[in-house]
Amino acid sequence: MSRWIVLGLPVSTDEGVRTLAEFDGSPEEAEQAANTFECDLWKVRRREVFRCSDRSHFIRVHGRVNTRSFLIQLAELVHDSATRPTT
């Protein structure tokens, strides 16, 4: 099983990129986590998900008052110096 993180880069704001989720699972579970991200809107009315690539999505979340947009990247852990390789 792979280790994944879901990164969200806010679009049209001064915020920096942040980690939205981190978990062990399949690529399908990682995509599901990206597609269900609700950000910090008070009440989500509508969600639009656009696929940019297999591991990249543009998500527009419409709240009661405002709309937030994020570029979502799914990242798979490929190296961790804290783990020892099995021989």
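Residues: numbered from 1 along the sequence shown.
- How far CZ of Arg45 is from NE2 of His62: 7.5 Å, rounded to the nearest 0.5 Å.
- With hydrogens and angles ignored, the 3.5 Å screen pairs no side-chain donor or acceptor of Arg47 with any backbone N or O of Val61.
- Put simply, Leu74 and Leu77 are part of two different groups of oily side chains (I, L, V, M, F, W, Y) that touch within less than 4.5 Å, one to the next.
- Here the options are Thr83, Asp24, Val78, the test is side chain to side chain contact (heavy atoms under 4.5 Å, CB included), and the partner is Arg3; only Asp24 passes.
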- Message: Is there a side chain to side chain contact (heavy atoms under 4.5 Å, CB included) between Leu7 and Ile72? Walk through the geometry before answering.
- Response: CA-CA 6 Å; Leu7 301 171; Ile72 303 294; over 6 Å; no

- Step by step, work out the side chain to side chain contact (heavy atoms under 4.5 Å, CB included) result for Glu48 and Ile59. CA-CA 6 Å; Glu48 297 173 283; Ile59 298 179; over 6 Å; no

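- The shortest heavy-atom contact between Ser69 and Phe58 is CB-CZ, 3.5 Å.
- No more than 12 heavy-atom neighbours from other residues, nucleotides or ligands sit within 6.0 angstrom of CG on Asp54.
- The two residues Gln73 and Ser56 make their nearest non-hydrogen contact at OE1-OG, 2.9 Å.
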- Could you please spell out the steps behind the side chain to side chain contact (heavy atoms under 4.5 Å, CB included) verdict for Phe50 and Arg60? CA-CA 9 Å; Phe50 301 87; Arg60 192 166 24 210; 3.4 Å; yes

